[in-house]
Colleague: 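Questions regarding the structure given below will be posed in turn.
To find a chain, count down the sequence lines: A is the first, B the second, and so on, and within it residues start at 1.
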Amino acid sequence: MNRIIILPVLVPFATALIMLLFPRRIAAHRLLGVLSTLLLSVVSAILLNSVLSGGILSLQAGGWAAPFGITMVVDTLSCIMLTMSSLIGLTTAIYSIGSVDEKQEHNFYHPLIQLLLMGINGAFLTGDIFNLYVWFEVMLISSFVLLVLEGKPEQFEGAIKYVTLNLLSSAIFLAAVGILYGMAGTLNMADLAMRLPLLEHRELLSVVAVLFLITFGIKAAVFPLFFWLPASYHTPHIAVSAIFAGLLTKVGVYAIIRFFTTIFTLESTPLIHQILLWVSAFTMATGVLGAVAQYDLRKLLSFHIISQIGYMIFAVAIQSPLAIAGGLLYIVHNIVAKTNLFYLSGIIRLISGSWNLRQIGGLYATYPLFGLLFLVPALALAGIPPLSGFWAKLTVIRAGLEAQEWLAVGVALLVSMLTLYSMIKIWNEAFLKDDPRGEDTGNRGQEYHALSSGKKIALIAPVVILGMLTILSGIWFEPLFVLADRASLELLDASIYSKAVTGGMP
Amino acid sequence: MRVLLPVIIGLLYAAGIYLILRRNMVKVIFGLVILGHAANLMIFTVGRLTKGAPAFVPEGTTNIAEPFADPLPQALILTAIVIGFGIQAFTIALFKKTCQTLKTEDLDEMRNTDQLEKESL
């Protein structure tokens with residue numbers, strides 16, 4: 001039964017290999033992409049079910065007992081993240097059918113998406129720090145290629161910044177892994193969680209923790225390490241931007257949660273949690289201030305990613321069970337809403353011919369239903385009840401109030417207002433105001449109307465699916481909260497995790 | 001070796017950081033490569049530097065005699081070198097292509113994606 005754990009890695013890998021065997025069969029690539037992500041969704045549902053009924057599952061690769069071999073672990077957090085990655089993988093596979101052109105598909109677009117998913121799932125599954133490094137690299141190399149797939153000048157420029165900073169982060173990661181191994185003699189996360197409190201020489205513990213924080217901070221795009229994100233995320237094709245926005249930074253956040261709850265606890269490294277608190281406040285504020293100034297849809301949304309990461313980091317900094325649960329809810333809500341907004345902006349570009357809000361207008365008059373579809377994730381992001389964002393934000397802020405972090409809570413509330421402001425800005429500019437080009441619409445919307453009806457459905461279906469999820473998870477909020485609560489209890493009590501993996505002995 | 005290696009690692013880090021701060025793209029690549037080497041060497045020293053003491057259990061015994069070199073960091077480095085090699089090959093190709101497309105290798109001239117009003121259609 002435990003062997004099923006490896007499937008979230010194997011399925012996309014096998015799919016990519018099959019696709020590469022038939023490099024010219026584009027139609028087959030599309031079908032395989034959807035089938036593979038559907039299978040992934042089923043697998044993660046099964047995993048979620050068995051973790052909820054039977055506790056944490058683990059798999060020792062090659063039969064080497066932990067902590068000597070490589071361990072794959074599925075706890076509730078991993079399950080939640082796997083479910084989200086399969087969901088975003090599935091919707092992106094569908095959306096790509098409608099939006100990605102054939103030239104890119106011939107340049108191995110679909111296999112690359114599968115390999116990206118493999119890296120992301122591997123990072124969520126692994127219970128070994130060096131193995132996490134390997135999965136990060138798998139994920140990065142696929143994302144590098146996806147970023148420059150169209151070969152436009154601005155993509156190369158964005159890629160230079162993205163690649164350089166991420167390679168730097170990998171080098172820091174390696175150094176941190178080295179020092180940690182020198183101190184603890186193990187890289188197995190469960191084993192580390194047991195051993196770190198017993199260490200004799202703990203002088204370097206804070207240093208290692210800060211090195212890990214910098215590494216994952218670069219990947220998660222927190223202040224002041226986020227500059228690669230707004231410089232590169234708006235350059236690739238919009239389907240690629242969407243999957244990056246939904247999943248890549250969240251892998252960094254996942255690593256921060258995993259490391260700074262289970263491995264480096266509040267007691268062992270209090271300094272880190274103080275840093276995290278300040279970082280989170282600055283991340284929230286700088287991200288949203290960047291967004292408010294933008295008129296390019298994709299850049300505006302890219303800056304919002306940063307701002308939202310701040311809320312998740314804030315939750316980790318507080319460290320109470322309620323805060324961690326709130327942070328997880330925030331991740332789930334944000335992955336769905338953010339990816340959805342990127343999909344929607346891709347459609348706005350197709351029907352209006354521009355990314356620039358100043359040149360778009362009057363969409364509500366022509367496409368009223370589309371306007372409603374846009375409002376769902378936009379209002380959810382701003383935190384309007386009863387959508388998913390409201391509950392997530394409420395939980396995080398309530399945890400902040402309980403921890404008496406007044407300043408950071410104040411920043412969070414203010415940032416929330418500015419988020420609403422920038423969403424209203426998109427709404428006013430793109431949907432409500434008159435089209436700045438007047439009656440002479442020229443060839444506006446030609447690109448959209450030229451698409452076959454199948455492609456149109458492929459564009460709209462993911463938006464509808466994610467929008468429904470945002471509404472449903474807002475109305476039936478309780479089961480989600482129970483799930484997140486369970487995950488946060490597992491994270492904060494490292495002995496549960498360790499017992500499941502190593503049997504509890506240090 | 002115990003004195004020499006830390007000094008070399010420190011020098012490599014210094015050189016790497018100096019190089020990635022340069023404006024020339026080629027120097028940045030060299031900087032990234034050197035930083036990778038510095039990290040690898042650091043992991044190597046973590047496994048204890050013992051000469052002529054491989055981590056084999058002698059025949060007839062069940063335990064290994066101290067001191068021995070921990071083989072795990074060496075396995076980690078091998079993996080890291082292989083991954084680093086692949087990534088560096090891609091990076092060099094990417095930088096070359098960028099240089100051809102943008103007709104410049106000065107990183108200070110690559111500001112287009114950061115500017116506020118530089119919006120493509």
Colleague: Output the distance between atom CZ (A:F130) and atom CD1 (B:I43), rounded to the nearest 0.5 Å.
Modeller: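 These two atoms lie 6.0 Å from each other.
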
Colleague: Which answer fits B:I29, side chain, backbone, both or neither, if we ask what part of it has an atom under 4.5 Å from a heavy atom of chain A?
Modeller: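 For B:I29, there is no contact with chain A at all, as no heavy atom is under 4.5 Å.
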
Colleague: With only heavy atoms counted, which part of B:I87 is less than 4.5 Å from chain A, the side chain, the backbone, both or neither?
Modeller: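 Both the backbone and the side chain of B:I87 come within 4.5 Å of chain A.
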
Colleague: Using 0.5 Å steps for rounding, measure from the CG atom of A:L167 to the CG atom of B:L35.
Modeller: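 Separation between the atoms: 10.0 Å.
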
Colleague: Below 4.5 Å, heavy atoms only, C-beta onward: do A:T164 and B:F95 meet side chain to side chain?
Modeller: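 The answer is yes; the side chains approach within 4.5 Å.
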
Colleague: CE of B:M42 to OH of A:Y181: how many Å apart, nearest 0.5 Å?
Modeller: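 Going from CE on B:M42 over to OH on A:Y181, the span is 15.0 Å.
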
Colleague: Kindly check if the number of other-residue, nucleotide or ligand heavy atoms within 6.0 Å of CZ (B:F90) is above 12?
Modeller: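 Enclosed.
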
Colleague: Checking A:A176 now: which residues fulfil side chain to side chain contact (heavy atoms under 4.5 Å, CB included) with it, not counting sequence neighbours?
Modeller: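 Result, side chain to side chain contact (heavy atoms under 4.5 Å, CB included) vs A:A176: A:L211, A:F212.
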
Colleague: With a strict 4.5 Å heavy-atom criterion, list every residue of residues 136-146 of chain A that contacts chain B, or say none.
Modeller: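 Residues of residues 136-146 of chain A touching chain B at under 4.5 Å: A:E137, A:I141, A:F144, A:V145.
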
Colleague: With only heavy atoms counted, which part of B:L76 is less than 4.5 Å from chain A, the side chain, the backbone, both or neither?
Modeller: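 Backbone plus side chain of B:L76, per the 4.5 Å heavy-atom cut-off to chain A.
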
Colleague: State, yes or no, whether a side-chain contact exists between A:L174 and B:N40 at a heavy-atom distance under 4.5 Å.
Modeller: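 Yes, side chains in contact.
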
Colleague: Would you mind checking which part of A:Y133 comes under 4.5 Å of any heavy atom in chain B, side chain (CB onward), backbone (N, CA, C, O), both or neither?
Modeller: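 For A:Y133, the contact with chain B is made by the side chain alone.
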
Colleague: Against chain A, work out which of B:L107, B:T79, B:I17 has the most heavy-atom pairs shorter than 4.5 Å and name it.
Modeller: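 Among the listed options, the one with the most contacts to chain A is B:T79.
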
Colleague: Shorter than 4.5 Å, heavy atoms on both sides: which option in A:I160, A:I172, A:V163, A:V177 has the most such pairs with chain B?
Modeller: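 Sorted descending by pairs with chain B, the first entry is A:I160.
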
Colleague: Which heavy atom in A:A171 sits nearest to a heavy atom in B:A39, and how many Å separate them?
Modeller: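 Shortest heavy-atom separation between A:A171 and B:A39 comes out as O-CB, 3.7 Å.
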
Colleague: Quick check on B:T98 against chain A: is it the side chain, the backbone, both or neither that has a heavy atom closer than 4.5 Å?
Modeller: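 It is both, since atoms from each part get that close.
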
Colleague: Non-hydrogen atoms of chain A under 4.5 Å away: do they reach the side chain of B:Y13, the backbone, both or neither?
Modeller: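 Only the side chain of B:Y13 comes within 4.5 Å of chain A.
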
Colleague: Let me know if B:I77 has heavy atoms under 4.5 Å from chain A in its side chain, its backbone, both or neither.
Modeller: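 Neither the backbone nor the side chain of B:I77 comes within 4.5 Å of chain A.
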
